[in-house]
2 protein chains.
Amino acid sequence: MPLPSRVSDLASFDLLLSVAELGSIGRAAKAHGMSQPSASERLRTLEARVGVALLERTSRGARLTTAGQLVAGWAAPVLARAVDLDAGITSLRADRHGQLRVAASLTVAEYLLPAWLIALRAVSPDTATVLTAGNSVHVAEQVLAERADLGFIESTGMPQGLASRVVAKDELVLVVAPGHPWARRRRVTAAKAAGTPLVSRESGSGTRQAWEHALRGAGITEFAGPLLEMSSTTAIKAAAIGGIGPAVLSIHAVEADLKTRTLVRVEVSDVDLHRALRAVWPSGRTPRGPASDLLTIATRSVTHRADRR
Amino acid sequence: MPLPSRVSDLASFDLLLSVAELGSIGRAAKAHGMSQPSASERLRTLEARVGVALLERTSRGARLTTAGQLVAGWAAPVLARAVDLDAGITSLRADRHGQLRVAASLTVAEYLLPAWLIALRAVSPDTATVLTAGNSVHVAEQVLAERADLGFIESTGMPQGLASRVVAKDELVLVVAPGHPWARRRRVTAAKAAGTPLVSRESGSGTRQAWEHALRGAGITEFAGPLLEMSSTTAIKAAAIGGIGPAVLSIHAVEADLKTRTLVRVEVSDVDLHRALRAVWPSGRTPRGPASDLLTIATRSVTHRADRR
DNA sequence: ATGAACGCATAGGCTGTGCCTATGCCTCTG
DNA sequence: CAGAGGCATAGGCACAGCCTATGCGTTCAT
């Protein structure tokens, strides 16, 4: 399902937000480093694509119409997530010799780090961050070898020589498409879940290991083989949504889909699927400088969330 | 602050997700209605912009690298919000004579309706929805005049002749930039809040009225004039983030900013800033067809959220 | 072993979008 | 009444992106 082309031009929506903020097309143009006529035409074609008037142009500026306010309101989250994406990408490029080297598991890197990096930039704007992603063992190695200043891992199997602090919670969830038989009762037994082939990552994935580990904790010893093995979380989600079969993913990965009901969560009786996410660093070598800032930010995020429950 | 151009090309990221899902560049190209060479080049330039390899190209397909999985993971929420945006835009265009006419307050239309519309499309794909946004009085008029099948309003001042059901909660929050003096203590008295000039919407805005109403409930009678009046939520947020002064906004509008700490919430002692959001329809004329579906979806969202607390 | 099928890369050529500068018109203000 | 600020229009240029055609490498079946 390709994205509707109507919304693919982020720069135009960004321009619209700038007009809302600055009160005139010309000022918005300047803020974006383009000429006023260019901005004017961009907004005009944006309006044409949207199909309704978004701006009220007066001789002393431009204001959003009601429809314009709505569109701006919907566009803002898109741009906010795009900023997250950009922050993540920046941390991936290693060409700047970053002062702060972070190693993180995929779950942390995907769902939590971008927001932390943006907060970090607010605290120390000049810190270039280099991110390496891998499984927990890999991250631990990087930190122990001092090739990373700070690591973030799932808590299972903490190696020696590392100090740590819990910074967030993760939870595995079993999800199915709304049409799936399990979607109605919303609960299955551990044995049933283990005996059913799932859409999953390749074997060796941390999520898959954690899933089997949790079920073993409930006394399960036999597991059905995977129904389908796919290379990415997105692909697994797409397969599950398409009704191929149940899947097990991090709660962070399916939050939005649960909200919009494109996926339905199914509880697994008597199995604890929670796990803590931890920051780690070489014991005795307390993080300093930007690493300390990032640790503070990450820790604050867990207390912040606790506030809101 | 304009969006970094690195992430402005949504179509390329969408293509990347399709590759992750379908396992080959050619199939992704076909899914997007373009030729294989075009897709190949798009992905190549995307990799150049990102600065790291995202795909592992083999002779029988393409897989994401670790970095590619990360980028895909960050891009997915951007695209998901873009789909929301598109759903909203679709509902704004009135050229199709929609079978379902919805009138909603700005808060509901901005933050809740897109997800509902997407869920509605899953239930009845052929329903074209037309959305009108306005303040609560305006919405009530539309519904009473039967120019809208269903309305969504803040609950203050329910007019006669309308039946209703609570579908969501809203809450006003006082926010300041992290550097503001109030950010440290995180709490002010009602009198102090009322006596301080705020960045706000034009007078007559529902948010502003609700704020003053809530403070009057706490015995406050005198209000400072606004520090700055702006035309949109985005503009107000930008001003607050920029440190111009405190602002009062819906919790939904600042959720992301609170999470990333670009804004800090300040409690107001002894003032109840909650309000219910209600669906309304002409009493006696129980919603049927798509209107009933939408009502069910909206109602489900409130119980769903309750589940998760 | 060998050809067919599949998949990605490269080459060449074209179209159209988007941007810039210059200019005109309108309105509010002093 | 003149000037400033702001948006729209016009004309012209550059480049980005797409398509078709083709080539090369790998895999699989006969």
Side-chain angles (χ1 to χ4, degrees), chain A residues 2-50 52-65 68 72 229-232 235, chain B residues 2-50 52-65 68 72 229-232 235:
Chain A
L3 184 74
S5 67
R6 218 187 322 174
V7 296
S8 65
D9 180 19
L10 275 204
S12 294
F13 289 99
D14 195 22
L15 194 58
L16 182 70
L17 290 220
S18 288
V19 174
E21 187 180 327
L22 302 173
S24 103
I25 295 177
R27 272 195 290 277
K30 187 170 291 180
H32 285 251
M34 62 171 61
S35 72
Q36 170 265 317
S38 300
S40 187
E41 187 183 329
R42 264 198 107 97
L43 291 166
R44 189 167 300 282
T45 66
L46 178 63
E47 281 181 308
R49 271 204 302 272
V50 170
V52 300
L54 303 175
L55 290 173
E56 221 175 286
R57 287 149 238 250
T58 75
S59 61
R60 69 175 169 193
R63 313 168 51 78
L64 296 187
T65 61
E229 294 196 345
M230 306 196 77
S231 62
S232 76
Chain B
L3 184 74
S5 68
R6 220 187 319 175
V7 296
S8 65
D9 180 18
L10 273 204
S12 293
F13 288 99
D14 195 22
L15 194 58
L16 182 70
L17 289 224
S18 288
V19 173
E21 186 179 329
L22 301 173
S24 102
I25 294 177
R27 273 195 291 276
K30 187 171 290 180
H32 285 251
M34 62 170 61
S35 72
Q36 171 265 319
S38 299
S40 187
E41 187 183 328
R42 264 198 107 97
L43 291 166
R44 189 167 301 281
T45 66
L46 178 64
E47 281 181 308
R49 272 204 301 272
V50 170
V52 299
L54 303 175
L55 291 172
E56 223 175 286
R57 287 149 238 251
T58 76
S59 62
R60 68 175 169 192
R63 314 167 50 77
L64 296 188
T65 61
E229 293 196 346
M230 306 196 78
S231 63
S232 76

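Every chain is numbered from 1 and lettered A, B, ... according to where its sequence line falls, protein lines coming before strand lines. Both backbone and side-chain heavy atoms feed into the values below; hydrogens, waters and symmetry mates do not.
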Query raised in the report: Got a second to check how far B/Arg42's CZ is from B/Ser38's OG, nearest 0.5 Å?
Result: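 So the CZ of B/Arg42 and the OG of B/Ser38 are separated by 8.5 Å.
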
Query - Length of the line joining A/Arg49:CZ and C/dT17:C1', which is rounded to integer Å - result: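 Result: 11 Å.
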
Query - Positive for side-chain contact (heavy atoms from CB on, under 4.5 Å) with A/Leu16, one of A/Ile25, A/Leu64, A/Val50 - result: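 With A/Leu16 as partner, side-chain contact (heavy atoms from CB on, under 4.5 Å) holds for just one option, A/Leu64.
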
Query raised in the report: Taking for each residue the nucleotide of DNA chain D bearing the nearest heavy atom, is the 5' side occupied by A/Thr58 or by B/Ala39?
Result: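 That would be A/Thr58.
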
Query raised in the report: Counting only N and O atoms by type, is there a donor-acceptor contact under 3.5 Å from the side chain of A/Ser24 to the main-chain atoms of A/Ala62?
Result: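 Looks like no, no N/O pair under 3.5 Å.
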
Query raised in the report: Roughly how far, to the nearest 0.5 Å, is CZ of A/Arg44 from CZ of A/Arg57?
Result: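 Nearest 0.5 Å value for the CZ-CZ distance: 5.0 Å.
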
Report task. Look at A/Ser38 and C/dG18 and indicate whether a side-chain polar atom (N or O) is within less than 4.0 Å of OP1 or OP2. Result ->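 So the side chain of A/Ser38 is outside the cut-off, no N or O lying under 4.0 Å from OP1 or OP2 of C/dG18.
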
**Report entry** Residue-phosphate contact under 4.0 Å: A/Arg60 side-chain N/O, C/dT29 OP1/OP2
**Finding:**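 A/Arg60 to C/dT29 OP1/OP2: side-chain N or O found under 4.0 Å.
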
Query raised in the report: With no hydrogens and no angle check, is any side-chain donor or acceptor of B/Glu47 less than 3.5 Å from a backbone partner on B/Leu54?
Result: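 Yes, the answer is positive, given that a donor and an acceptor are paired below the 3.5 Å cut-off.
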
Query raised in the report: Using the C1' atoms of the five pairs at each end, what is the angle between the end axes of the helix from C/dA1-D/dT30 to C/dG30-D/dC1, to 10°?
Result: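 About 20° separates the two local helix axes.
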
Report task. Could you tell me which residues satisfy salt bridge (Lys or Arg N to Asp or Glu O under 4.0 Å) with A/Arg27, sequence neighbours excluded, listed by chain and number? Result ->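 Testing A/Arg27 for salt bridge (Lys or Arg N to Asp or Glu O under 4.0 Å), a comparison that skips the adjacent residues, returns none.
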
Query raised in the report: Can you check the B/Arg57 CZ to C/dA9 C1' distance for me, whole Å?
Result: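 Those two atoms, CZ and C1', are 9 Å apart.
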
Query raised in the report: How about A/Leu15 and A/Leu43: do any of their side-chain heavy atoms sit closer than 4.5 Å?
Result: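 A/Leu15 reaches A/Leu43 side chain to side chain.
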
Report task. Identify the 5'-most and 3'-most nucleotides of DNA chain D with at least one atom closer than 4.0 Å to a non-hydrogen atom of chain B. Result ->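 Counting from the 5' end, contacts occupy D/dG17 to D/dC28.
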
Report task. Assign A/Ser35 to base, sugar-phosphate, or nothing according to its heavy-atom contacts below 4.0 angstrom with the strands shown. Result ->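 Base, at least one base atom sits under 4.0 Å.
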
Requested in this report: Would you indicate whether the side-chain heavy atoms of B/Arg49 and B/Ser12 approach each other to under 4.5 Å?
Outcome: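 B/Ser12 vs B/Arg49: side chains touch.
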
Query raised in the report: Which comes earlier along DNA chain D counting from the 5' end, the contact point of B/Thr45 or that of B/Pro37, where each point is its nearest nucleotide?
Result: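 Taking each residue's closest nucleotide, the earlier one in sequence belongs to B/Thr45.
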
Query raised in the report: How close or far is atom P of C/dC8 from atom CG of B/Leu55, stated in whole angstroms?
Result: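 Atom-to-atom, B/Leu55 to C/dC8, this comes out as 9 Å.
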
Requested in this report: Would you kindly give the CG-to-P distance between A/Asp9 and C/dG18, to the nearest whole Å?
Outcome: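 So the two atoms are 7 Å apart, to the nearest Å.
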
Report task. Could you tell me whether a side-chain N or O of B/Thr65 sits under 3.5 Å from a main-chain N or O of B/Ala53, the two making a donor and an acceptor? Result ->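 A pair under 3.5 Å: yes.
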
